Amino acid sequence: MLEARQTMDAPTTTSAGNGTSGDSDGSGWFTPRTSPSSPGGDQEPEGNRLAALRPVGRSQESPSRPQQNQGGAARERIQTAADLPTAAPPRPQPAPAVAEHGSERSVFDAPVSDRRPDHPATAAATAPASPDAVLVRRTMAEIGPVADKVTSYFYALLFVQHPELRSMFPPAMDAQRDRLLKALLTAAEHIDNTPVLVDYLQNLGRGHRKYGTQADHYPAVGECLIGALSRYAKASWNEETEAAWVRTYTTISQVMIDAAAADELRSPPWWLAEVVSHDLRTADTAVITVRPNQPYPFLAGQYTSLETPWWPRIWRHYSFASAPRSDGLLAFHVKAISAGWVSNSLVHRARPGDVLRLGPPAGAMTVDHSSDSGLLCLGGGTGIAPIKAIVEDVAEHGRHRPVEVFYGARTGQDLYDLDTLLRLQQSNSWLEVRPVVDRHGLLQLPDAIRDHGPWNGYDAYLSGPPGMIRSGVDALKDAGIPAERIRHDSVEDLVASGD
Ligand SMILES: NC(=O)C1=CN([C@@H]2O[C@H](COP(=O)(O)OP(=O)(O)OC[C@H]3O[C@@H](n4cnc5c(N)ncnc54)[C@H](O)[C@@H]3O)[C@@H](O)[C@H]2O)C=CC1
C-alpha cells in the first residue's frame with residue numbers, strides 16, 4: 001500500500017507540458033488548466049477547450065451540446081460522443097450485443113462487440129490505427145502477461161488513494177477484480193472504432209448510475225489506471241505514451257459521463273422489483289416473475305443486471321424471458337450454478353414479497369421488425385429465456401415471418417420451458433419449435449440445424465453457454481448465414497462469468 005502511494009505521487013505531472021495533465025494547483029490530470037495543443041498546433045480559447053480532456057459533470061454543461069473541438073483523431077472521436085442525442089423521450093434502446101448470465105459482471109464489465117450488424121465496425125477495424133491507439137496497444141501488449149498484478153495494484157491504488165470509493169464495490173472483490181480494469185483496457189484498445197465504442201461506453205455510463213458513480217469519480221479512477229499501467233509497462237512507458245492514455249481515458253470517461261447525464265433525464269438509476277411468483281421448474285432452475293416499482297421500458301431479447309438483498313452490490317445479468325407485457329411484469333429464468341451466490345439465492349431463497357434491484361436494460365439481440373426475413377433461434381438451457389421473449393415479440397407485431405426455434409438441453413427434464421413454447425407453436429402457424437436433447441454428449445444443439453434448412457435468408461439468434469455460441473456460429477456460417485446476420489450476446493463475457 002505504501003508502495004502504491006509513493007508510485008502515485010511520482011508521475012502525476014509528467015505530461016503537463018502537452019496539456020494533458022493538471023498543473024501544480026492540484027486540479028488533477030484530467031482537469032487541465034491549459035488548453036491542450038492539437039496535432040495541428042491550433043490553440044482554442046478557454047471556452048472551446050477540448051472536451052475530452054476535461055470530463056464534465058452534469059452540472060457543468062449540457063451533454064447534448066455539440067462540442068467545438070480541435071483537429072485530429074481525438075477530435076473526431078469526441079465529436080461523435082458529444083453529438084449524441086440526449087433528452088429523447090423514454091424509449092428502450094438496444095445496446096451493443098453483450099450479456100452474461102448467472103455470473104457477475106460489474107462496473108466496466110461489458111466487452112466491446114463488433115457484431116452489431118448495423119455498425120460499420122468492419123471498416124473501422126481495417127482503418128490504420130491512430131497514433132494514440134498504437135501507443136495504447138503497445139502498453140496493453142506489455143502488461144498482458146502480468147495482468148493480474150496490474151489489476152491488484154490498480155485496486156490497491158484506488159482504495160488507498162480514494163477510500164470513499166471502496167463502498168461502491170462488493171465486500172468480496174474476487175469476482176470484481178478483473179472487471180473494471182479489463183473493461184477500461186478493452187475500451188482503450190478499441191478507441192479508433194468510434195461507433196461501436198461509443199455505443200459500448202454509453203451503455204457502460206448508463207449502467208454505472210446504479211453503482212452511484214458520479215462524474216468526479218472518473219479522474220480518481222483514471223489516475224489509478226495510469227499509476228498501475230506506468231508501473232507495469234515500464235519498457236514502453238514515456239511521456240508520449242502517458243499523454244496517449246490520458247487522452248484515451250478522458251475520451252472514454254467523457255462519453256460515459258455524458259451518457260449517464262442524458263439517461264438521468266429519462267430513467268432512474270435503478271428499479272426496485274418485487275418478486276410476485278417463484279416457480280421451481282427443476283431442482284436447480286426457477287422462473288421468477290417480478291413487478292418493478294415504476295415502468296421498465298425494454299425490448300425483447302435484451303437483458304438487465306439484477307442485485308438481490310442477500311448479496312448487496314453484487315450484480316448478475318439475466319435476460320428478460322418475456323416480451324414487454326401489458327401488466328408491466330418481468331420474468332427471468334435462473335439456474336443455480338455451483339458456488340453461484342446470486343443464482344443460488346434466487347433459485348433457493350427468493351420468495352414472493354422479496355425485493356430485488358434492477359439496472360437498466362441492455363443488449364442488441366433484438367428483432368428488426370422492418371424485415372420479413374425468417375428467424376432461426378437457438379436456445380441452450382436457460383439461454384432459451386430471450387428466445388422466448390423474441391418469439392412473443394414477433395407474435396405481437398403480427399408480421400407472419402417464419403420462426404424456427406431449436407431448444408437444446410442435456411436431458412428431457414431440463415427442457416423446463418418446452419410446454420410454454422409448444423403452446424406458442426399451437427397458436428402461431430409460423431412458429432416451429434424443435435426440442436433437442438443431447439445424445440450421449442455427442443449430438444448437441446448446433447448440430448441439429450444441419451438436418452434442417454435451407455437457412456440462407458434467415459436472421460439467426462443464439463443464446464446459451466459460450467461453447468454453444470461458438471459452435472453455433474460455426475454451424476450457422478456453414479449453413480450459409482453471413483456473420484452480420486448472426487446475433488448473440490458476448491462470448492467473452494460468458495467465458496469470464498463465474499457467478
Ligand atoms: N438465464 C438467462 O437469462 C440466460 C442464460 N444464458 C446462458 O445460458 C447458459 C445456460 O446454461 P445451462 O442451462 O446450464 O445450459 P447447458 O450447459 O445445460 O447447455 C444447454 C445446451 O446447450 C448445448 N451446448 C452446451 N455446451 C455446448 C458446446 N460446448 N457445444 C455445443 N453445444 C453446447 C447443448 O445442446 C446443451 O444441452 C449459461 O451459460 C447462461 O449464462 C444466456 C442467455 C440468457
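In this text the structure is predicted, and so the values were computed from the model without any measurement.
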Partners of [X] by side-chain hydrogen bond (donor to acceptor under 3.5 Å, both in side chains), sequence neighbours excluded?
X	value
Thr289	Ser277
Glu392	Lys388
Trp455	none

| message | Tyr318 vs Leu346, test: side-chain contact (heavy atoms from CB on, under 4.5 Å). Steps then yes/no. | response | CA-CA 11 Å; Tyr318 291 98; Leu346 286 169; 3.8 Å; yes
Which heavy-atom pair separates [X] from [Y] by the least distance, and what is that distance?
X	Y	result
Ala188	Trp245	CB-CZ3, 3.5 Å
Pro128	Asp192	O-OD2, 4.2 Å
Pro309	Leu356	CD-CD2, 3.9 Å
Pro292	Leu330	CG-CD1, 3.8 Å
Thr213	His208	OG1-O, 3.2 Å
Arg209	Pro268	NH1-O, 3.5 Å

From [X] atom [atom1] to [Y] atom [atom2], the distance as rounded to the nearest 0.5 Å:
X	Y	atom1	atom2	answer
Asp263	Asp258	CG	CG	12.5 Å
Asn344	Trp311	CG	CH2	10.0 Å
Asp438	Gln444	CG	CD	5.0 Å
His488	Ser463	NE2	OG	11.0 Å
Met168	Tyr211	CE	OH	9.5 Å
Trp341	Ile314	CH2	CD1	4.5 Å

So does [Y] get a backbone contact from the side chain of [X], meaning a donor-acceptor N/O pair under 3.5 Å?
X	Y	answer
Gln425	Val433	yes
Arg434	Phe406	no
Asp354	Arg351	yes
Glu307	Arg313	yes

Are [X] and [Y] close enough that some pair of their side-chain heavy atoms sits under 4.5 Å apart?
X	Y	answer
Trp271	Pro295	no
Glu432	Val405	no
Val355	Asn293	no
Pro361	Tyr296	yes
Val221	Phe154	yes
Gln254	Leu201	no
Lys335	Val347	no

| Is the CD atom of Gln413 crowded by more than 12 outside heavy atoms at less than 6.0 Å? |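 Counting neighbours around CD of Gln413, 12 or fewer heavy atoms of other residues, nucleotides or ligands fall under 6.0 Å, so no.
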| said: For a side-chain contact (heavy atoms from CB on, under 4.5 Å) check, start with the C-alpha distance between Phe298 and Thr304, then their side-chain angles and the critical distance, and finish with the verdict. | reply: CA-CA 9 Å; Phe298 72 98; Thr304 187; over 6 Å; no
| query | What pairs of residues pass the salt bridge (charged side-chain N to carboxylate O under 4.0 Å, His left out) test when at least one of them lies in residues 318-333, not counting sequence neighbours? | reply | Arg325-Asp327
| query | Does any pair with a residue in residues 366-384 pass salt bridge (charged side-chain N to carboxylate O under 4.0 Å, His left out), and if so which ones, sequence neighbours excluded? | reply |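 Qualifying pairs: Asp372-Arg399.
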| task | For Asp132 and Thr248, run side chain to side chain donor-acceptor pair (under 3.5 Å): C-alpha distance rounded to whole Å, both residues' side-chain angles, the deciding distance at 0.1 Å, then the answer. | result | CA-CA 7 Å; Asp132 280 0; Thr248 299; 4.6 Å; no
| query | Can you check side-chain contact (heavy atoms from CB on, under 4.5 Å) on Thr382 and Val334, steps first, answer last? | reply | CA-CA 7 Å; Thr382 53; Val334 184; over 6 Å; no
| query | Of Ile481, Leu375, Leu476, which meets side chain to side chain contact (heavy atoms under 4.5 Å, CB included) against Tyr458? | reply |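 The side chain to side chain contact (heavy atoms under 4.5 Å, CB included) with Tyr458 is passed solely by Ile481 among Ile481, Leu375, Leu476.
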| task | Sorted by first residue and then second, give each side chain to side chain donor-acceptor pair (under 3.5 Å) pair with at least one member in residues 415-424; sequence neighbours left out. | result |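 Non-adjacent pairs meeting side chain to side chain donor-acceptor pair (under 3.5 Å): Arg281-Asp417, His333-Tyr416, Asp417-Thr420.
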| Between Asn428 and Val394, is a side-chain contact (heavy atoms from CB on, under 4.5 Å) present by the stated rule, with each step listed? | CA-CA 10 Å; Asn428 297 292; Val394 173; over 6 Å; no
Check side chain to side chain contact (heavy atoms under 4.5 Å, CB included) between [X] and all other residues, then give those that pass, not counting sequence neighbours.
X	answer
Ala475	Pro446, Ile449, Arg450
Asp414	Ala409, Arg410, Thr411
Ala273	Val290, Leu358
Asp459	Ser371, Ser373, Arg401, Tyr461, Arg485

| task | Sequence neighbours left out, what pairs pass ring pair (Phe, Tyr, Trp, His ring centres under 6.0 Å) with at least one residue falling in residues 353-382? | result | His369-His397
| query | Which residues pass the salt bridge (Lys or Arg N to Asp or Glu O under 4.0 Å) test with Asp474, sequence neighbours left out? | reply |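 Once residues adjacent in sequence are excluded, Asp474 has no partner under the salt bridge (Lys or Arg N to Asp or Glu O under 4.0 Å) criterion.
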